[in-house]
Amino acid sequence: GVFAHLALLEARAYEAAVKQEETEQQEEKLARLKARVQELRLQRDKLRAQVEQQEKGQLGKEGALNPAQPSAQTVLEWKMKSLKAMLQIFYLTGISGKLTKQGVCFCISTAYEGTYLDFYHLDLLTKPEVQIYRHSIPIFIPLQQIAKKYLQTDIRRFLSVLSDHLNAYVGRRYQADQLQEHFSGQIEGTLQRNSLCNLLVFNYNVSSENKTFLFKVRLLYGDPCCSLPTEAVISST
């Protein structure tokens with residue numbers, strides 16, 4: 001019993017060390033990505049300021065006005081650069097996109113604690129107004145509610161909120177799969193979950209001094225954008 005307990009403690013210490021190392025690596029990667037995002041934003045603001053200066057006709061050091069308006073080609077080039085910069089920023093946050101004949105096609109990649117999971121696609125039409133053309137978002141994700149709130153006014157916010165919902169969902173699903181895979185010997189019966197994986201119910205056994213105790217667990221995820229439970233109820237028979 002003592003050696004088994006020591007082995008268990010050693011295994012837990014090793015897992016904690018590995019997890020700590022992975023966390024530090026993720027933090028370093030996140031810091032680099034944030035720096036790159038800031039750099040792209042500065043470039044975007046610089047281009048925007050240059051075009052606005054041309055539109056206002058500001059020239060030279062003395063601020064003389066030039067009645068000539070910027071050409072349509074100049075404005076188009078600025079818009080293309082701005083859109084490409086926006087797509088690059090999205091890519092660094094797990095969202096990539098490409099221009100299509102009808103609008104923009106986005107790909108939202110999901111992950112949980114460094115493990116890449118599913119990819120979801122979203123095609124948007126940009127004319128005459130921004131609207132969803134087709135997508136692979138699961139039906140239980142509130143896509144239409146998110147679109148109604150953000151799509152026409154703030155597309156960045158729309159994609160960010162949608163990404164939060166998707167990452168939280170795949171995170172909850174991944175944890176449930178891992179629980180069922182690695183602790184099947186302790187789980188009694190089948191782990192029950194709904195489509196959104198925001199409710200998990202399962203039973204597990206704990207043995208002590210030649211006795212076995214059965215516990216029933218109910219995990220509720222009240223926040224749809226969170227991969228950790230907000231309520232846990234454990235009862236024993």
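Here the structure is a predicted model, which means the values were calculated and not measured.
Between His121 and His135 the shortest side-chain heavy-atom distance does not fall below 4.5 Å. In this structure the side chain of Asn205 never reaches within 4.5 angstrom of the side chain of Phe215, judged on heavy atoms. For the pair Phe106 and Leu159, the minimum side-chain heavy-atom distance is below 4.5 Å. Put simply, the side chain of Tyr204 reaches to within 4.5 Å of the side chain of Val217, judged on heavy atoms. Residues Val201 and Leu191 have side chains not in contact (no heavy-atom distance under 4.5 Å, counting atoms from C-beta outward). The shortest distance between side-chain heavy atoms of Phe158 and Ile146 falls below 4.5 Å. Leu214 is listed as a side-chain neighbour of Glu188, based on a closest heavy-atom distance under 4.5 Å. With contacts defined as side-chain heavy-atom distances shorter than 4.5 Å, the pair Tyr120/Val170 qualifies.
Scanning both residues, Leu199 and Tyr221, for their nearest heavy atoms gives N-CD1, 4.2 Å. When all heavy atoms are compared, the tightest approach of Ala168 to Cys225 is CB-C, 3.4 Å. The shortest non-hydrogen separation linking Thr230 to Gly222 is OG1-N, 2.8 Å.
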*Show the numbers, then the answer: is there a salt bridge (charged side-chain N to carboxylate O under 4.0 Å, His left out) between Lys149 and Asp154?*
CA-CA 9 Å; Lys149 190 173 183 180; Asp154 191 344; over 6 Å; no
*asked:* Walk me through whether Leu99 and Val104 qualify under side chain to side chain contact (heavy atoms under 4.5 Å, CB included).
replied: CA-CA 5 Å; Leu99 300 177; Val104 185; 4.0 Å; yes
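When the side chains of ILVMFWY residues are joined at heavy-atom separations under 4.5 Å, either directly or via intervening members, Phe202 and Val233 end up in two distinct hydrophobic clusters. Leu125 and Ile132 are members of different hydrophobic clusters when ILVMFWY side chains are connected at heavy-atom separations under 4.5 Å.
Ser195 pairs by the side chain to side chain contact (heavy atoms under 4.5 Å, CB included) definition with Phe140, not counting sequence neighbours.
Taking a cutoff of 4.0 Å between a charged side-chain nitrogen and a carboxylate oxygen, Asp177 and Arg193 qualify as a salt bridge.
Counting only distance, with no hydrogens or angles, the side chain of Asn203 and the backbone of Gly189 share no donor-acceptor pair below 3.5 Å. No side-chain donor-acceptor contact under 3.5 Å links Arg172 to the backbone of Pro229. With hydrogens and angles disregarded, a donor-acceptor distance shorter than 3.5 Å links the side chain of Gln175 to the backbone of Gly171.
Using a 30° and 60° split on the angle between ring planes, Tyr174 and Tyr112 fall in the tilted class, from 30° to 60°.
Tested against Tyr133, the residues Leu122, Thr100, Asp123, Leu124 include a single side-chain contact (heavy atoms from CB on, under 4.5 Å) partner, Asp123.
Here CD1 of Ile141 is found 5.5 Å from CG of Leu196. Values are rounded to the nearest 0.5 Å.
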